Student: 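Handing you a structure now.
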Amino acid sequence: SKENGKNSFSFYNAELDKVMMRKLQIENDLKTAISNEQLSLVYQPKVDLQSKKVVGMEALLRWNHPQLGWISPLEFIPIAEETRQIIPIGEWVLNEACRQNKQWQEQGYPPLCVSVNVSVLQFQHGEFLETVQKALQTSQLDAQFLELEITESMMQDIKESRDILDSLMKEGVKTSIDDFGTGYSSLSILPNLPIDTIKIDKSFMDELEKTGQYSIVKTIIDLSQNLNLKVVAEGIETESQRQILRENGCLVGQGYLFYKPVAPNDFESILKEAALK
Ligand code: C2E
Ligand code: CA
Ligand code: CA
Ligand code: CA
């Protein structure tokens with residue numbers, strides 16, 4: 001009936017309002033998230049798939065909002081990209097990851113490389129290289145202990161990307177292609193790019209459950225070996241995934257099977273425990 005139609009219209013309107021209001025609030029409150037000290041980093045260990053020893057870590061951003069609670073980066077990073085607030089936020093992440101990693105080294109923990117996610121906007125921003133240099137200078141972290149995770153979509157302007165990657169390499173910073181295989185196909189440009197590592201996206205871990213049917217993962221591992229690149233798998237949740245990856249030549253990975261991303265204190269406990277083994 002006409003009455004029902006009107007009701008459902010206002011229902012959807014109310015739902016839409018809620019979604020819009022949340023987005024607007026996130027957009028607005030992000031502006032003060034850094035100065036209000038609401039952002040933090042958690043760290044997910046990367047492990048040797050044979051020995052299970054910690055060989056590195058990925059820094060992942062978290063936002064504790066005073067009213068909305070913990071907001072996932074999957075929700076707020078796209079908004080931060082739309083408003084370009086990802087530039088100062090990304091700079092904060094770089095500085096904080098470098099500072100924390102240097103602090104761990106000074107406290108006597110074994111030196112590890114920290115991987116930092118970089119948004120495409122950040123990467124293409126004119127001052128990206130300077131931001132990286134400044135983070136290293138301020139923290140006094142040696143460049144070899146910083147890795148930048150970039151995505152295939154950043155390779156669209158291949159000439160400019162190559163220049164930035166070349167400069168990063170000269171600086172001594174490591175680079176990896178994140179979420180490999182999920183986006184813009186960069187198979188043909190890969191051979192000429194100065195990168196260190198390919199990361200196999202967690203969406204490909206599913207196929208490792210079916211014995212003998214892991215063609216995508218196998219292709220990515222073979223490709224990386226042919227190009228002399230390292231390969232890291234993310235999202236490893238089961239023992240069989242670990243075994244198949246290892247048997248096929250992927251030596252490093254991360255995932256809930258080993259560790260979830262953890263706060264700095266808990267990461268320290270993981271390193272202390274590992275030292276006792
Ligand atoms: P990503 O870079 O692909 O990171 C992997 C995501 O998978 C993380 O989600 C991690 O917590 C999660 N994960 C790790 N192991 C497992 C597993 O075994 N199973 C499953 N199901 N998930 C696992 P998170 O922390 O929610 O981050 C989501 C995405 O947000 C990241 O995906 C990355 O694209 C983005 N992100 C996070 N931190 C930053 C940042 O500082 N800057 C930028 N630009 N993006 C970030
Ligand atoms: Ca990543
Ligand atoms: Ca990513
Ligand atoms: Ca991923």
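Both ligands and their constituent atoms are indexed starting at 1 by order of listing. In this text, all values refer to a predicted model and were calculated from it rather than measured experimentally.
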Student: Between the candidates I77, V93, L60, which shows the shortest non-hydrogen contact distance to atom 39 (C) of ligand 1?
Tutor: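 Shortest heavy-atom distance from atom 39 (C) of ligand 1: I77.
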Student: So if I apply the side-chain contact (heavy atoms from CB on, under 4.5 Å) rule between K174 and each of L148, D196, L146, which one comes out positive?
Tutor: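 That would be D196.
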Student: Of all the atoms in D201, is at least one N, O or S atom closer to the Ca ion (ligand 4) than 3.0 Å?
Tutor: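 D201 does place an N, O or S atom closer than 3.0 Å to the Ca ion (ligand 4).
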Student: I'd like to know: is the Ca ion (ligand 2) within the 3.0 Å range of an N/O/S atom from D179, strictly under that distance?
Tutor: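 D179 does not place any N, O or S atom closer than 3.0 Å to the Ca ion (ligand 2).
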Student: If hydrogens are left out, which of Y259, Y256, F258, F123 has an atom nearest to atom 22 (N) of ligand 1, that is, the closest non-hydrogen atom?
Tutor: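 Answer by nearest heavy atom: Y256.
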Student: Under a 4.0 angstrom heavy-atom cut-off, which atoms of ligand 1 come close to Q44?
Tutor: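 Near Q44, meaning under 4.0 Å from one of its heavy atoms, ligand 1 has 14 (C), 15 (N).
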Student: Would you be so kind as to tabulate the donor-acceptor pairs closer than 3.5 Å made by side chains of residues 118-125, with sequence neighbours excluded?
Tutor:
from, atom 1, to, atom 2, distance (Å)
S119, OG, E81, OE2, 2.9
S119, OG, L121, N, 3.2
Q122, OE1, S119, N, 3.0
Q122, NE2, G90, O, 3.4

Student: For Y256, does the six-membered ring have the charged nitrogen or CZ of K260 within the cation-pi criterion, i.e. under 6.0 angstrom from the centroid and within 45° of the normal?
Tutor: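 Checked: cation-pi criterion met.
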Student: My understanding is that only residues two or more places apart in sequence, or in another chain, count here; which of them pass side-chain contact (heavy atoms from CB on, under 4.5 Å) with P110?
Tutor: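 In terms of side-chain contact (heavy atoms from CB on, under 4.5 Å), with neighbours along the sequence ignored, P110 is linked to no residue.
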Student: Students often mix this up, so state it plainly: with edges at 30° and 60°, are the rings of W104 and Y109 parallel, tilted or perpendicular?
Tutor: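 Answer is perpendicular, since the angle exceeds 60°.
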Student: Which atoms of ligand 1 have any heavy atom of L74 under 4.0 Å away?
Tutor: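 Atoms satisfying the 4.0 Å criterion: 28 (C), 29 (C).
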Student: Could an N or O of ligand 1 be found under 3.5 Å from any N or O of S72, whether backbone or side chain?
Tutor: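 Between S72 and ligand 1 (N or O atoms, distance only) the closest approach is not under 3.5 Å.
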Student: Flag E237 as yes when one of its N or O atoms lies below 3.5 Å from any N or O atom of ligand 1, and as no otherwise.
Tutor: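 Such a contact does occur with ligand 1.
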Student: Looking only at distances, please establish whether an N/O atom of ligand 1 is found under 3.5 Å from an N/O atom of L61.
Tutor: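 Among all N and O atoms of L61, at least one is under 3.5 Å from an N or O of ligand 1.
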Student: Should one rank E234, Q122, K260 by closest heavy-atom distance to atom 1 (P) of ligand 1, which comes out on top?
Tutor: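 Answer by nearest heavy atom: E234.
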Student: Please find out if the Ca ion (ligand 2) and some N, O or S atom of S115 are separated by less than 3.0 Å.
Tutor: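 False for S115.
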Student: Between Q254 and ligand 1, is there a nitrogen or oxygen pair with a distance under 3.5 Å?
Tutor: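 Min N/O separation from ligand 1 is not below 3.5 Å for Q254.
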Student: Please name the residue in the list K199, K46, Q44 that meets the side chain to side chain donor-acceptor pair (under 3.5 Å) test with E58.
Tutor: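 The residue from K199, K46, Q44 that satisfies side chain to side chain donor-acceptor pair (under 3.5 Å) with E58 turns out to be K199.
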Student: Restricting to N/O/S atoms, is E234 within less than 3.0 Å of the Ca ion (ligand 2) or not?
Tutor: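 Not a single backbone or side-chain N, O or S atom of E234 is under 3.0 Å from the Ca ion (ligand 2).
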